[in-house]
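Data first, discussion second: the structure below is written as structure tokens.
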Amino acid sequence: MSFPLLTATAALPAIGAIATAAVPAARRTAAKWLALLFSLGTLVLAAVVFLRFEPGGDRYQLTESRAWIADFGVRYELGVDGIGVALLGLTALLIPFVIVAAWHDADPLETKSTRWRPTQGFFALILMVEAMVILSFVATDVFLFYILFEAMLIPMYFLIGGFGDRAHAGTDESAATQRSYAAVKFLLYNLAGGLIMLAAVIGLYVVAGSFSLSEIAEARANGSLEMATSTERWLFLGFFFAFAVKAPLWPLHTWLPNAMGEATAPVAVLITAIVDKVGTFAMLRFCLGLFPEASKWATPVVITLALISIVYGALLAVGQRDIKRLIAYASISHFGFIILGIFAMTSQGQSGATLYMVNHGISTAALLLVAGFLITRRGSRLIADYGGVQKVAPVLAGTFLIGGLATLSLPGLAPFVSEFLVLVGTFSAYPVAGIIATSGIVLAALYVLVLYQRTMTGPVQESVRSMSDLRARELAVAVPLIAVLIFLGVFPKPLTDVVNPAVEHTMSDVQKKDPQPEVEAAK
């Protein structure tokens, strides 16, 4: 039997989580280094997966299949396609930066109410989330995916509620209350979506007699799988609701600003740049793959919700006074673009949506982590508490600006390519939707540039006059992320070569072809 590379890639951070949690309480620094080493080892294995993946080969590669719960037809089945390998790479790339950026976030404080914070547990939880997310990107058994989809909520709940942002304007008691509220809201919203999905998963098994994506696809191809139209639509809605909560799509988005606002900046990156991508990824793999006719039936409504997310998220970002909540609402707008590209059902739209997942993850990580460094120095998340930072910390201001420009999809930076493809794909199929979506670009420029103006330019406020510039550890986080944004902005080919064949398979699942441009015949 060949080496189980996908299992190893997911198992390494899980083993790292156990090892990190077992480090003695007094050895906090050793726990941090151990977590970082395991995350770097996972990145190496993810690079091997990426290099071994053949874009022109089988749809699912590096496959593994073993009996798990045989009485119920559940198998441990793994396989990676072009979309999954891109998101697996994103996850493995970002986690080391998250760990380095969070180096001191779980250090014990002197106050009694936060003396309990276990540093080892904090980094162990991050590694556990990484393991579950990686497995969810390669799971080809629907029940296995569901287990992972729900299980990752547990470590995220403790990361949000137990290790919240210390830059809180209220008292320790009020801060703890708000953290608890954000964590419970996150958990309840996602659990509600998961329970509805569970009913749909059971319904799928009753209809198809299998949880395996390959077996279901084979049964559909040879005509042995007959699914009534109404049944397919109900099952689609069960899956889509859970993914829309995770994504998050308006109006199921309200947990995200609370969770990102109360979490530390690295945990906020974990939420929006990594965990939330499971929702949009699952729309491509499960909604379109398992329920193609229902997906086409729901397209007008989903596109409408995506457009509302784009405009609504951007408008609320413009009016925010809290830096992290602004970035949260901006992410809601960006997820609207991703879902718009998926359900435009064109090859450009879906390729752009997949690239958007990767590029949004990198750009949001860069902006949020630098914002976290800024907030840590000042001790406040409020935009009004800053001013003139670029005069006292020019490197911090410069990296913040580049992260912001990437967020607004400036040409030359990675998100521009993905947003352009989404809009081109949408225009070709739904011109009106494409026109409305472009308003999100204008609003993005407004909220990013206004944020930079109010925090970094103008007179130097007394509260930031003694602010230090980025240190070596912080530069080790910001500079590589910016370098990746520039590289993928001018040379996205390594990603597009991997993603495009997978998109062709998805287009084949839904039996859609790209609209042909209308050319007036010559007279």
Side-chain angles (χ1 to χ4, degrees), residues 83-84 86-87 90-91 129 132-133 136-137 145-146 148-150 152-153 156 185-197 200 236-260 268-289 291 295 298-299 301-314 316-317 327-344 349-350 352-361 363-364 415 418-419 422 426 437 440 506:
I83 299 169
L87 294 173
L90 170 70
T91 303
V129 171
M132 294 178 180
V133 170
S136 69
F137 288 141
F145 173 84
Y146 170 76
L148 297 164
F149 187 82
E150 291 290 87
M152 68 179 69
L153 300 179
M156 288 306 307
K185 190 173 183 179
F186 161 82
L187 188 64
L188 290 179
Y189 267 67
N190 284 275
L191 278 178
L195 289 174
I196 293 174
M197 181 184 169
F236 166 86
L237 290 173
F239 278 79
F240 180 80
F241 182 84
F243 303 152
V245 172
K246 184 84 78 178
L249 179 68
W250 183 93
L252 305 171
H253 66 284
T254 59
W255 62 268
L256 182 66
N258 295 102
M260 287 183 62
V269 169
L270 203 61
I271 296 169
T272 191
I274 296 175
V275 172
D276 286 355
K277 298 301 186 300
V278 176
T280 46
F281 161 80
M283 290 180 187
L284 277 166
R285 172 167 285 188
F286 298 102
C287 288
L288 272 61
F291 316 110
S295 297
T299 289
V301 174
V302 176
I303 286 180
T304 301
L305 295 177
L307 291 174
I308 295 173
S309 288
I310 291 170
V311 178
Y312 170 87
L316 264 66
I327 298 172
Y329 280 108
S331 291
I332 292 169
S333 182
H334 295 148
F335 275 102
F337 275 106
I338 295 170
I339 296 169
L340 179 66
I342 292 171
F343 281 87
Q350 292 189 356
T354 305
L355 291 177
Y356 215 132
M357 292 185 228
V358 176
N359 295 332
H360 170 264
S363 62
T364 300
S418 45
E419 194 166 279
V422 167
T426 304
T506 305

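- Between Leu195 atom CG and Phe241 atom CZ the span is 10.5 Å, to the nearest 0.5 Å.
- Residue Thr506 holds its OG1 atom at 5.5 Å from CD of Gln350, rounded to the nearest 0.5 Å.
- Between the NE2 atom in His334 and the OG atom in Ser363 there is a gap of 7.0 Å [rounded to 0.5 Å].
- Side-chain contact between Val278 and Phe145: present, with at least one pair of heavy atoms (C-beta onward) separated by less than 4.5 Å.
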Would Met357 and Leu87 count as a side-chain contact (heavy atoms from CB on, under 4.5 Å) here? Give the steps. CA-CA 8 Å; Met357 292 185 228; Leu87 294 173; 3.7 Å; yes
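- Between Phe137 and Ile274, the shortest heavy-atom distance links the atoms CZ-O, 4.5 Å.
- The distance from the CD1 atom of Ile308 to the OG atom of Ser333 is 12.5 Å, given to the nearest 0.5 Å.
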Applying side-chain contact (heavy atoms from CB on, under 4.5 Å), run through Leu187 and Trp255 and close with a yes or a no. CA-CA 9 Å; Leu187 188 64; Trp255 62 268; over 6 Å; no
Audit row: Thr254, Lys185, side-chain contact (heavy atoms from CB on, under 4.5 Å) steps and yes/no: CA-CA 9 Å; Thr254 59; Lys185 190 173 183 179; 3.6 Å; yes
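- When all heavy atoms of Ser418 and Tyr356 are compared, the pair lying nearest together is CB-N, 3.3 Å.
- Looking at Asp276 and His360, their side chains never come closer than 4.5 Å, going by heavy atoms from C-beta outward.
- Note that the CH2 atom of Trp250 and the CD1 atom of Ile332 stand 12.0 Å from one another [nearest 0.5 Å].
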Check step by step if side-chain contact (heavy atoms from CB on, under 4.5 Å) holds for Lys246 and Met152. CA-CA 11 Å; Lys246 184 84 78 178; Met152 68 179 69; 4.0 Å; yes
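- Each of Ile83, Val422, Ile338 was compared with Thr354 under the side chain to side chain contact (heavy atoms under 4.5 Å, CB included) criterion, and only Ile83 meets it.
- Note that CG of Leu340 is 3.5 Å distant from OG1 of Thr426, once rounded to the nearest 0.5 Å.
- The nearest pair of heavy atoms linking Thr280 to Ile342 is O-CD1, 3.6 Å.
- Between Gly336 and Ile310, the closest heavy-atom pair is C-CG1, 3.6 Å.
- Checked by atom type and distance alone, the side chain of Thr299 pairs as donor or acceptor with a backbone atom of Ser295 at under 3.5 Å.
- The nearest pair of heavy atoms linking Phe343 to Met283 is CE1-SD, 4.1 Å.
- By the 4.5 Å heavy-atom criterion applied to side chains, Phe335 and Lys277 are counted as neighbours.
- Contact record, Phe149 with Ala242: CZ-O, 3.7 Å, taken as the closest heavy-atom pair.
- Annotation: side chain of Phe291 is not in contact with side chain of Phe240 (no heavy-atom distance under 4.5 Å).
- Of the possible donor and acceptor atoms, none in the side chain of Thr364 sits under 3.5 Å from a partner among the backbone N and O of Gly361.
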